[in-house]
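To start, the structure itself, in structure tokens.
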Amino acid sequence: MKVSNTLTGQKEEFRPKGKTVSIYVCGVTVYDDCHIGHAMSYVLFDVIRRYLEFKGYKVKHVQNFTDIDDKIINRANQLGVSSSELAEKYIDEYFRDMDALNIKRVHVYPKATEEIPKIIEVIQGLITKGFAYESEGSAYFRVKNFPGYGKLSHQALDDMISRGSAEEGKKEYPLDFALWKAAKPGEPFWPSPWGQGRPGWHIECSAMALKYLGKSLDIHGGGQDLIFPHHENELTQSESFTGVAPFAKYWLHNGLLQLGEDKMSKSLGNLITVKQALERYSADAIRLFIIGSHYRSPLTYSEETLKAAEVGMERLRQATGNGGGSGGKDVLGSEPFRHRFVDSMDDDFNTAQAVAVLFDLAREINRAREENYDVTSALNTLTELAGVLGFTLEEPKKPPLETGPFIGLLSELSHEFRRAPRHDLKVEQLIQLLIETREKSRKAKQWQLADMVRQRLIELGVALEDTPKGTVWKRTL
RNA sequence: GGCGGCGUAGCCAAGUGGUUAAGGCGGGGGUCUGCAAAACCCCUAUACAGCGGUUCAACUCCGCUCGCCGCCUCCA
């Protein structure tokens, strides 16, 4: 199995340090709803986690919540709530959205505000070792003391220097970054050896990763926008504190979601939230959209592509929804598909290729089923492999149908029903009655009436399909 | 300016130094059907931004040009 590693810039053989693969993924700053760009990252790492487990690895997956920072404070002030209330609300929303996308819960979700002692311990250690210094109640990392600074983002200090910010002269060197920020009046704070304040952004991830996964982890992930400065600084702090390198063996970064010309981001305000997307498309379709291209490439959001994903997903669902045809004349084997799937995923999680295998398998199943093969085991394989990519293959949930219109239609068609309309019937039973009514018309070759029933049902959100085994119905998209 | 990436059919998107350049959507034709729908079958890139170079052979390696994007400031 090979993975692309941002640290080395190479595709490398994946050799985890032990039996359990440790993964740390940077989570969200909780001050607003998640958008599809976030979904892209978390769907990806969900697939990676699922695939590693499929391969037989044990996985320990940690993802933080940044629940204290400037944006949270500002937003909370605007809304007149406390930072922690705001953070709690959006943590709940995060879980709602990601659960809806069928993203497995990771094993530990640490929060910055609950890890202050560990954070202070790390900062204290860095100061003791001379890697950091206190200045006016804040603490900064002394970048010049870490020779490898820039090794993740592949930048040389000299090239970055002109861009650093002086930050009111509190820093020794422009590129030094904050480990601890002194509290301004009215801001939430925690006590520390340097005074009241709160952790800087990067330090929380170091502290949590070290606490929950140890000094050296297997996979560290996040969006490409985190490479610099966040991950660079995180790496710098962690290796300085522990003296152990690498802090993370494999750094995996996903490309960013674009919306039209620009990347989707909170600061640009051009975003589609996960909730908005889920109103229009099934979770499976959204996942297919994300997974349909390579994770390191940027992806552009478009309704057209999402719709294509929805239609494609429907075909996959269809293939699994039509039964196994057991007792057939021969059995359809699926091993070649499984191998292709594994080969694809082994090559730096080539999900686009893995998805293609699913479609090929679905076609083969459909074909074989028509020829009366037993496709039970192939169906199991399809469902299993789809599951590795996090597809449920379930019908998208739709709001329940109202019985009223169906009762109305039945009354229109049936004298009997008009005389004694039965309101105790479930909508499924009503639809079944309508299908039977139409069946009578068809037998009598009253095509106009039969087609009218079909048309009216479509208007009510129910599509009929006349199969050799009888008429079946399903909800329209 | 520095670092990284991209440019493949109408759209999305894999991929390979040399047999037929995946897959999805869309489109066309057909089977089935009273008609539909669904499903299935067939077709839909002599071509991979442009120009050079390396090679027996490049879309795939190298160089350059053009175009696009991300990061270098908070951001998945």
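Per chain, numbering begins at 1; letters A, B, ... match sequence-line order. This is a predicted model, so every value here is computed, not measured.
- More than 12 heavy atoms of other residues, nucleotides or ligands sit less than 6.0 Å from atom CD of A:Glu335.
- Within 4.0 Å of A:Gly27, counting heavy atoms only, lie sugar-phosphate atoms of the nucleic acid but no base atom.
- Whole-Å rounding puts the A:Ile291 CD1 to B:C12 P distance at 20 Å.
- Residue A:Phe189 qualifies as open at atom CZ: its count of foreign heavy atoms under 6.0 Å is 12 or below.
- At the heavy-atom level, A:Asp451 lies under 4.0 Å from base atoms of the strands shown.
- Listed nucleotides B:A76, B:C35, B:A38 differ in distance to A:Arg442; the shortest reach to its side chain belongs to B:C35.
- Base pairing of B:A21: no nucleotide in any strand meets the Watson-Crick or G-U wobble criterion (both distances under 3.5 Å).
- Rounded to an integer number of Å, the gap from CD of A:Gln455 to C1' of B:C35 is 13 Å.
- Nearest-nucleotide assignment on RNA chain B puts the 5′-proximal partner with A:Asn366, out of A:Pro229 and A:Asn366.
- Atom pair A:His294:NE2 and B:A22:P shows a separation of 20 Å (rounding to whole Å applied).
- Separation of the P atoms belonging to B:A45 and B:A21 is 10 Å when rounded to the nearest angstrom.
- At a threshold of 4.0 angstrom between heavy atoms, the contacts of A:Arg75 with the nucleic acid are absent.
- One interatomic measurement links the two molecules: CG of A:Asp70 to C1' of B:U73, which rounds to 13 Å at whole-angstrom precision.
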Evaluate salt bridge (Lys or Arg N to Asp or Glu O under 4.0 Å) for A:Glu304 paired with A:Lys307, printing each intermediate quantity in order.
CA-CA 5 Å; A:Glu304 196 186 354; A:Lys307 277 178 196 150; over 6 Å; no
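- For NZ of A:Lys2, the number of neighbouring non-hydrogen atoms (other residues, nucleotides, ligands) closer than 6.0 Å is 12 at most.
- Considering only side-chain atoms of A:Ser41, the nucleotide from B:C40, B:A14, B:A76 that sits closest is B:A76.
- With a 3.5 Å ceiling on both atom-pair distances, the Watson-Crick or G-U wobble partner of B:G1 is B:C72.
- Taking the P atom of each, B:G1 and B:C64 are spaced 14 Å apart, rounded to whole Å.
- If you take CG of A:Leu256 and P of B:C74, they are 15 Å apart, rounded to a whole angstrom.
- B:C61: Watson-Crick or G-U partner is B:G53, with both key distances under 3.5 Å.
- In this structure A:Thr467 satisfies the side chain to side chain donor-acceptor pair (under 3.5 Å) test with no other residue, sequence neighbours excluded.
- Look at A:Trp447 and the base of B:G34; the rings stack, centres closer than 5.5 Å and planes less than 30° apart.
- One P atom belongs to B:U46, the other to B:U8, and the distance between them is 15 Å to the nearest Å.
- There is no side-chain donor-acceptor pair under 3.5 Å between A:Tyr281 and A:Glu279.
- The CG atom of A:Leu101 sits 13 Å away from the C1' atom of B:A76 (whole-angstrom rounding).
- Nucleotides B:A14 and B:C25 place their C1' atoms 15 Å apart, quoted to the nearest Å.
- Listed nucleotides B:A13, B:C69, B:A39 differ in distance to A:Gln258; the shortest reach to its side chain belongs to B:C69.
- Rounded to whole Å, the distance from CD on A:Glu204 to P on B:C74 is 14 Å.
- Between B:G18 and B:A13, the distance separating the two P atoms is 25 Å to the nearest Å.
- Among the nucleotides B:C41, B:C12, B:A76, the one closest to any side-chain atom of A:Met40 is B:A76.
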Show your reasoning for whether salt bridge (Lys or Arg N to Asp or Glu O under 4.0 Å) applies to A:Lys249 and A:Glu12.
CA-CA 11 Å; A:Lys249 202 168 177 191; A:Glu12 302 171 1; over 6 Å; no
What does the B/S/- profile of nucleotides 23-31 of chain B look like, 5' to 3', with a 4.0 Å heavy-atom cutoff to protein?
SSS------
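- Taking the side-chain contact (heavy atoms from CB on, under 4.5 Å) definition, one finds that A:Thr66 meets it with A:Thr29, A:Asn64, A:Asp69, A:Trp201, A:Glu204, sequence neighbours left out.
- Of the candidates B:C40, B:A76, B:C71, the closest approach to any side-chain atom of A:Val28 belongs to B:A76.
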Could you run down the sub-3.5 Å N/O contacts of the protein with nucleotides 3-7 of chain B?
{"from": "B:C3", "atom 1": "O2'", "to": "A:Ser153", "atom 2": "O", "distance (Å)": "3.2"}
{"from": "B:C3", "atom 1": "O2'", "to": "A:His154", "atom 2": "O", "distance (Å)": "3.4"}

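- Looking only at atom types and distance, the side chain of A:Ser83 has no donor-acceptor partner in the side chain of A:Arg198 under 3.5 Å away.
- Here, B:G63 and B:A76 have their C1' atoms 36 Å apart, quoted to the whole Å.
- Across the strands present, B:C40 finds its partner in B:G30; the criterion is a Watson-Crick or G-U wobble pair with both atom distances under 3.5 angstrom.
- Between A:Glu370 and A:Ser302, the one whose closest nucleotide on RNA chain B sits nearer the 5' end is A:Ser302.
- Within 4.0 Å (heavy atoms only), A:Phe45 reaches no atom of the nucleic acid at all.
- Between B:C66 and B:C41, the distance separating the two P atoms is 47 Å to the nearest Å.
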With salt bridge (Lys or Arg N to Asp or Glu O under 4.0 Å) as the test, would you mind laying out the steps for A:Lys144 and A:Glu172 before giving the verdict?
CA-CA 10 Å; A:Lys144 277 189 163 173; A:Glu172 290 179 1; over 6 Å; no
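- Here the P atom of nucleotide B:C71 and the CG atom of A:Leu257 are 13 Å apart, to the nearest Å.
- Phosphate contact (OP1/OP2 of B:A14, side-chain N/O of A:Asn350, threshold under 4.0 Å): absent.
- Salt-bridge formation is not detected for the pair A:Asp70/A:Lys184: no Lys NZ or Arg NE/NH1/NH2 atom is positioned less than 4.0 Å from an Asp or Glu carboxylate oxygen.
- In this model, a donor atom of one side chain and an acceptor atom of the other lie less than 3.5 Å apart for A:Glu115 and A:Tyr212.
- Rounded to whole Å, the C1' atom of B:C48 lies 9 Å from the corresponding atom of B:U60.
- Against RNA chain B, the stretch residues 458-467 of chain A makes heavy-atom approaches under 4.0 Å through A:Leu464, A:Glu465, A:Asp466.
- Nucleotide B:A9 forms a pair with no other nucleotide shown, judged by Watson-Crick or G-U wobble geometry with both contacts under 3.5 Å.
- By the side chain to side chain donor-acceptor pair (under 3.5 Å) test, A:His253 pairs with A:Thr6, A:His231, sequence neighbours left out.
- When atom types are taken as modelled, the side chain of A:Glu232 and the backbone of A:Tyr149 share no donor-acceptor pair closer than 3.5 angstrom.
- Geometrically, A:Arg315 does not engage A:Phe359 in a cation-pi contact defined by less than 6.0 Å to the ring centre and at most 45° from the axis.
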